Amino acid sequence: IWFIILDKPKWKENFSSLPTVLGLLLGFTGVVLLFGEQIMTPGDEEGKTQRIIAMAVLTVGTIGWTIGSLASKYNKSPKSSTQNNKKVEPLNVIVKTAWQMITAGFAFSITAVATGQYSTFDFNSVLPRDWAAMTYLILMGSILAFSSYIWLLQVRPATEVSTYAYVNPIVALLLVHFFTDHGVTGLQIIGLVIVLF
């Protein structure tokens, strides 16, 4: 939804396309059904407030992600330029990805120091399967998937590339179902079907 709203150069094309608008509305409805119960579930007010704050933070995060993605797409450096009599080549996809990863790693490290997470970390408690999982996430989730995303953003419309975001909640729901004791509700399954449609 944020890609449609914030991608100003494509407003005319996006808002005049019935399939785009219908797909946006259906996808958003499906996501609301997937996660709406978490807010509407009766329970203690403090827990409900925390869930609403968490959803708000996630929403702000998705807006930030969209702004960054659009900036990456539209702020292209020239094919090559000359500065001080030296030829300067544009940043390629790997370099763009690396800068974003380094920036995120730096921000997470500052947060970890500020919250005291490093002081309580026990290196010996990390199991081999944990290292394997982290290696998988680094190689597949970060290097391969994120580089692919940045590359696709350069060659395809942002609204088309952003459709991956509808897949994430589906994967999350399936992982929750198969690897935790959390029950998947009928409303969530309806939301999942709407998102897939």
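Positions are given from 1 along the sequence. In this text, all values refer to a predicted model and were calculated from it rather than measured experimentally.
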Transitive ILVMFWY side-chain link M134 to F121, under 4.5 Å
yes
Does E13 have any side chain to side chain contact (heavy atoms under 4.5 Å, CB included) partners at least two apart in sequence or in another chain, and if so, which?
K10
Sequence neighbours left out, what pairs pass salt bridge (Lys or Arg N to Asp or Glu O under 4.0 Å) with at least one residue falling in residues 109-135?
none
Quick one: ring pair (Phe, Tyr, Trp, His ring centres under 6.0 Å) partners of F3, sequence neighbours excluded?
none
Could you tell me the separation between the CG atom of L6 and the CD1 atom of I1, rounded to the nearest 0.5 Å?
10.0 Å
Looking at T185, is its backbone amide N or carbonyl O close enough to the side chain of Q188 to form a donor-acceptor pair, meaning the two atoms are under 3.5 Å apart?
yes
If you look at every heavy atom in T120 and Q117, which pair is closest and at what distance?
OG1-O, 3.2 Å
How close do S148 and L144 get, counting heavy atoms only, and between which atoms?
OG-O, 2.8 Å
Rounded at 0.5 Å granularity, tell me how far CG in L153 sits from CG in L70.
7.0 Å
Partners meeting ring pair (Phe, Tyr, Trp, His ring centres under 6.0 Å) with W65 (sequence neighbours left out):
F146, Y149
Rounded to the nearest 0.5 Å, how far does CH2 of W2 lie from CD1 of I67?
10.0 Å
Sorted by chain and number, sequence neighbours left out, side chain to side chain donor-acceptor pair (under 3.5 Å) with T20 holds for S17
By the side-chain hydrogen bond (donor to acceptor under 3.5 Å, both in side chains) test, which pairs, at least two apart or in different chains, include something from residues 135-146?
none
Could you state whether W151 and M140 fall into the same hydrophobic cluster, counting links through intermediate Ile, Leu, Val, Met, Phe, Trp or Tyr residues with side-chain heavy atoms under 4.5 angstrom apart?
no
To the nearest 0.5 Å, what is the distance between OG on S69 and CG on D7?
10.5 Å
Is the count of non-hydrogen atoms from other residues, nucleotides or ligands lying under 6.0 Å from F179 atom CZ greater than 12?
no
Report, one line per pair, each donor and acceptor closer than 3.5 Å where one atom sits in a side chain of residues 189-197; sequence neighbours left out.
none

Using links of under 4.5 Å between side-chain heavy atoms of ILVMFWY residues, direct or through other members, which residues join V57 in one cluster?
I53
Is there a path of hydrophobic side-chain contacts, each under 4.5 Å between heavy atoms of I/L/V/M/F/W/Y residues, joining L139 to W131?
yes
Residues clustering with F106 (ILVMFWY side chains joined when closer than 4.5 Å, directly or via others)
I110
same_hphob_cluster(I63, I4) at 4.5 Å side-chain heavy-atom cutoff:
yes
Sequence-distant partners of F108, ring pair (Phe, Tyr, Trp, His ring centres under 6.0 Å), two or more places apart:
none
Could you pull out the closest heavy-atom pair between G141 and A145, with the gap in Å?
O-CB, 3.4 Å
Checking F178 now: which residues fulfil ring pair (Phe, Tyr, Trp, His ring centres under 6.0 Å) with it, not counting sequence neighbours?
none
If you link I, L, V, M, F, W and Y whenever their side-chain heavy atoms are under 4.5 Å apart, who else ends up in the same group as V113?
Y118
Report the distance from atom CD1 of I5 to atom CG of L24, rounding to the nearest 0.5 Å.
7.0 Å
Do F28 and L22 share a hydrophobic cluster, counting only Ile, Leu, Val, Met, Phe, Trp and Tyr and linking them when any side-chain heavy atoms are less than 4.5 Å apart?
no
